[in-house]
Amino acid sequence: MSRELYDQLFKWAATTNLNHVIKFHNEARLLFKGVYQSLGSPKDDSDIETKALRDTYFQFDGLLHINTFLMLHSYLEEWLFHLCKAVQPPPDRNKSGIERFKPSFQALGADLSAGNWLFLKDAEKVRNCLLHANGRVSLSKNSTEMEKIAQKYPKELSIVQDRLVVHADFLQRFSSETEAFLNHMRSLPNPSFQGTAFGGP
């Protein structure tokens with residue numbers, strides 16, 4: 001199989017799998033929206049049960065954003081693992097998250113000053129806050145840093161009553177930046193890629 005065909009398959013797989021996760025998110029949101037709208041206007045809430053149901057679906061929508069983001073981030077880490085598993089030096093096991101892959105990326109000549117890599121590093125801190133502090137900014141490892149990240153992406157992240165809120169725009173951006181970074185890695189003219197899961201003949 002030619003290198004050109006491998007490149008085409010790589011890009012197709014990366015894009016298609018990312019789109020499947022986003023599609024799942026969008027379809028689930030449509031279901032939530034349909035049920036929410038079936039309740040009528042909030043002004044018509046005449047009983048506690050209807051109001052509670054409305055609040056529940058509103059909360060589920062927010063949780064859907066979080067769960068989708070965590071799926072996307074897991075997807076990214078898995079692809080980075082496969083990209084680097086035949087590269088010297090190997091990922092640094094003393095590091096955590098995507099930082100463990102940095103030595104391999106540098107050996108491949110990747111541009112780690114690019115915007116997509118910097119965004120992915122911020123996104124990982126968002127992921128850590130959601131997983132390790134249950135989204136509570138004050139309990140995150142570096143609350144000041146989390147506040148700055150939320151301010152950095154005002155249309156995509158927000159903090160409400162000390163909770164980090166992930167908006168749909170953040171998911172779309174994460175998907176786009178992930179796709180861009182994977183394509184950048186695959187385009188590197190480095191022989192270390194030969195023989196990896198995504199290397200050509």
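- Smallest separation of non-hydrogen atoms from Leu164 and Ala150: CD1-CB, 4.5 Å.
- Leu80 contributes atom CG, which lies 10.0 Å from atom OH of Tyr75 (distance to the nearest 0.5 angstrom).
- Side-chain atoms of Thr178 and His73, non-hydrogen and from C-beta on, never get closer than 4.5 Å to each other.
- In this structure, Val165 is not a member of the same hydrophobic cluster as Phe60, with clusters built from ILVMFWY side-chain heavy atoms closer than 4.5 Å.
- For Phe101, there are no ring-ring contact (aromatic ring centres under 6.0 Å, His included) partners at least two apart in sequence or on another chain.
- Hydrophobic clustering of Ile, Leu, Val, Met, Phe, Trp and Tyr side chains at less than 4.5 Å, counting indirect connections, unites Phe81 with Leu112.
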Full working for side chain to side chain contact (heavy atoms under 4.5 Å, CB included) between Val137 and Arg163: CA-CA 6 Å; Val137 174; Arg163 296 283 187 178; over 6 Å; no

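- A pairwise comparison of heavy atoms in His184 and Ala110 identifies NE2-CA, 3.7 Å as the closest pair.
- With rounding to the nearest 0.5 angstrom, the OG atom of Ser140 is 8.0 Å from the CD atom of Glu147.
- In this structure, the side chains of Glu145 and Lys125 come closer than 4.5 Å at one or more pairs of heavy atoms.
- Ion pairing between a basic and an acidic side chain is recognised when a charged N comes within 4.0 Å of a carboxylate O; Glu177 and Arg173 show such pairing.
- With contacts defined as side-chain heavy-atom distances shorter than 4.5 Å, the pair Thr68/Val21 qualifies.
- Sorted by first and then second residue, the pairs that involve residues 102-111 and meet side-chain hydrogen bond (donor to acceptor under 3.5 Å, both in side chains), not counting sequence neighbours, are Asp111-Ser113.
- Rounding to the nearest 0.5 Å places CZ of Arg127 at 6.5 Å from CD of Glu124.
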CA sep, side-chain torsions, deciding dist, call: Val166, Leu171, side chain to side chain contact (heavy atoms under 4.5 Å, CB included): CA-CA 8 Å; Val166 176; Leu171 303 180; 4.1 Å; yes

Stepwise side chain to side chain contact (heavy atoms under 4.5 Å, CB included) check, Phe181 with Leu120: CA-CA 9 Å; Phe181 185 74; Leu120 293 177; 3.9 Å; yes

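- Rounding to the nearest 0.5 Å gives a distance of 9.0 Å between CG of Asn134 and SG of Cys129.
- Comment: Asp162 engages Arg136 in a salt bridge, judged by a side-chain N to carboxylate O separation of less than 4.0 angstrom.
- His167 and Ser158 share a donor-acceptor pair across their side chains, judged by distance under 3.5 Å alone.
- Using a cutoff of 4.0 Å between basic side-chain nitrogens and carboxylate oxygens, Arg100 and Glu77 are scored as salt-bridged.
- Nearest heavy atom pair, residue Trp117 against residue Glu99, reads CZ2-OE2, 4.0 Å.
- Side chains of Leu64 and Phe24 form a contact here, defined as non-hydrogen atoms less than 4.5 Å apart.
- Leu63 and Leu31 are assigned to two separate hydrophobic clusters, defined by single-linkage of ILVMFWY side chains at heavy-atom distances under 4.5 Å.
- How far CZ of Phe174 is from CG of Leu72: 6.0 Å, rounded to the nearest 0.5 Å.
- Residue pairs satisfying the ring-ring contact (aromatic ring centres under 6.0 Å, His included) criterion with at least one member in residues 136-163, sequence neighbours excluded, are listed as follows: Phe119-Tyr153.
- Rounding to the nearest 0.5 angstrom, the gap separating the CD atom in Glu78 from the OG atom in Ser74 is 9.0 Å.
- Residues Leu130 and Leu139 do not share a hydrophobic cluster, defined by chaining ILVMFWY side chains whose heavy atoms lie under 4.5 Å apart.
- In terms of heavy-atom proximity, Phe105 sits nearest to Ile98 at CE1-O, 4.4 Å.
- The side-chain heavy atoms of Asp122 and Lys152, taken from C-beta on, include a pair separated by under 4.5 Å.
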Verdict with reasoning, His25 to Met71, per side chain to side chain contact (heavy atoms under 4.5 Å, CB included): CA-CA 10 Å; His25 167 268; Met71 284 192 289; over 6 Å; no

